[in-house]
Amino acid sequence: MSPRAERSFFACDAEALARRLLGQTLVRRFRGRTLRGRIVETEAYVGAHDAASHAYKGRMTERNRAMFADPGVCYVYFTYGMHHCFNLSCGALGDPQAVLLRALEPLDGHDVMRELRDREDIADRLLCRGPANLAKAFAIERSVDGVDTVTSDELYIELVRRRAPRSSSMGNTPRIGISQRAGAWRDKPLRWYLRDSRSVSGSR
DNA sequence: TTCAAGATTTCCT
DNA sequence: GGAAATCTTGAAA
């Protein structure tokens with residue numbers, strides 16, 4: 001049985017956590033079942049100076065409060081009138097850094113994920129591909145916002161290894177879906193993914 | 001109070 | 001390649 005990620009695992013900057021999360025396992029308990037997925041794609045939102053971040057200029061609102069919370073706390077937001085996205089807060093308390101989980105490879109609970117996705121016929125590799133699909137397949141919605149993965153039994157990270165993968169096994173590109181309004185921050189390479197995975201979003 | 005935009009996905013041509 | 005779906009948030013008025 002793998003050890004759970006504790007506070008110290010998340011107490012780093014967003015770029016470090018985005019790499020460190022790749023290959024680890026997200027665990028979700030839902031209606032007596034256990035869902036597990038291998039994290040294969042992440043994005044870093046690096047703090048109050050990041051123009052693409054909901055916490056740009058340090059503004060804290062009811063929606064993004066969890067970005068300022070203790071490292072390891074979930075930040076879940078609702079967008080486009082229909083989708084949820086799942087982040088893990090990091091950095092120190094009060095520092096609004098977070099990592100967006102963009103894709104997982106399903107490990108356990110495929111049948112439950114299919115039900116949640118409302119798609120009987122979908123391929124495994126598409127079940128948790130893309131941030132909104134991932135959230136839906138893991139029953140992650142606004143009620144999960146503020147949950148502490150270090151202490152929760154409903155949602156947490158299992159450590160498969162201690163360190164980030166070799167850089168040769170990771171891809172690194174600009175973040176996806178960032179508008180021109182973010183200026184130079186749109187092009188900064190803050191997205192990482194595992195090259196060996198077929199569940200990564202964006203390209204096929 | 002009003003309104004534009006959004007860390008997306010899916011279906012259409 | 002393009003647009004629709006759908007509604008909350010945050011900023012302006």
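Order of the sequence lines sets the chain letters (A, B, ...), proteins ahead of strands, with each chain counted from 1.
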Exam field: side chain A:R102 to backbone A:G130, donor-acceptor pair closer than 3.5 Å: no
Should the pair A:D148-A:R4 be classified as a salt bridge under the 4.0 Å nitrogen-to-oxygen rule? no
Under the criterion side-chain contact (heavy atoms from CB on, under 4.5 Å), I'd like the reasoning laid out for A:C12 against A:R20: C-alpha separation, chi angles, the key distance, then a yes or no. CA-CA 10 Å; A:C12 58; A:R20 182 180 289 188; 3.8 Å; yes
Can you tell me if the side-chain N/O atoms of A:R102 get under 4.0 Å from OP1 or OP2 in B:dT8? yes
Taking atom P of C:dA5 as reference, at what distance in whole Å does atom CG of A:N133 sit? 19 Å
A:N133 (side chain) donor-acceptor with A:R129 (main chain) under 3.5 angstrom: yes
Counting only N and O atoms by type, is there a donor-acceptor contact under 3.5 Å from the side chain of A:N64 to the main-chain atoms of A:H54? yes
If you measure from the Lys or Arg side-chain nitrogens to the Asp or Glu carboxylate oxygens, is any gap between A:D111 and A:R33 under 4.0 Å? yes
Any donor-acceptor pair under 3.5 Å from A:Q24 side chain to A:R161 backbone: yes
With a non-hydrogen cut-off below 4.0 angstrom, is A:I178 in contact with a base, only sugar-phosphate, or nothing? sugar-phosphate
Reckon A:N87 touches a base, only the sugar-phosphate, or nothing at all at heavy-atom distances under 4.0 Å? base
In whole angstrom, what separates A:W185's CH2 from B:dA7's C1'? 15 Å
Sort me out a list of protein N/O and nucleotides 2-6 of chain B N/O pairs below 3.5 Å, or just none if empty.
from  : atom 1 : to     : atom 2 : distance (Å)
B:dG6 : OP1    : A:S179 : OG     : 3.0
B:dG6 : N2     : A:Y80  : N      : 3.3

Dot-bracket for DNA chain B: what is it, with Watson-Crick or G-U pairs under 3.5 Å, [ ] where a pair crosses earlier ones, and | for a pair to another strand? ||||||.|||||.
Let's see if you get this right: which residues in residues 58-67 of chain A place a heavy atom under 4.0 Å from DNA chain B? A:M67
I'd like to know if the side chain of A:R191 reaches the main chain of A:A44, judged simply by a donor and an acceptor atom lying under 3.5 Å from each other, with no hydrogens or angles considered. no
In whole Å, I'd like the distance from the CG atom of A:D145 to the P atom of C:dT8. 15 Å
Taking atom C1' in both C:dA3 and B:dA5, compute the distance separating them and give it to the nearest angstrom. 16 Å
Between A:H83 (NE2) and C:dT9 (P), how many Å, whole number? 16 Å
Does the ring centre of A:F78 sit less than 6.0 Å away from the ring centre of A:H83? no
How many Å lie between CZ on A:R191 and P on B:dT8, as a whole number? 11 Å
Check the distance between B:dT10's P and A:D121's CG and give it to me in whole angstrom. 11 Å
Separation of B:dT8 atom C1' from A:E43 atom CD, nearest Å, is 12 Å
Tell me what A:A132 touches on the nucleic acid: a base, only sugar-phosphate, or nothing, going by heavy atoms under 4.0 Å. sugar-phosphate
Check whether A:E43 reaches the backbone of A:I176 with its side chain - one donor and one acceptor, N or O, closer than 3.5 Å. yes
Does CD in A:E158 sit with more than 12 non-hydrogen atoms of other residues, nucleotides or ligands closer than 6.0 Å? yes
If you compare every side-chain N and O of A:R117 against the phosphate oxygens of B:dT10 (OP1, OP2), does one of them come in below 4.0 Å? yes
Applying a 4.0 Å non-hydrogen cut-off, can you work out what A:R186 is touching in the nucleic acid: base, sugar-phosphate, or nothing? nothing
Determine the interatomic distance between P on C:dA4 and the same-named atom on B:dA4; round to the nearest Å. 16 Å
By nearest nucleotide on DNA chain C, pick out whichever of A:M82 and A:R142 is the more 5' one. A:M82
Rounded distance in Å - CH2 (A:W192) to P (B:dA7): 18 Å
For A:L194, is there any backbone N or O sitting under 3.5 Å from a side-chain donor or acceptor partner on A:E41? no
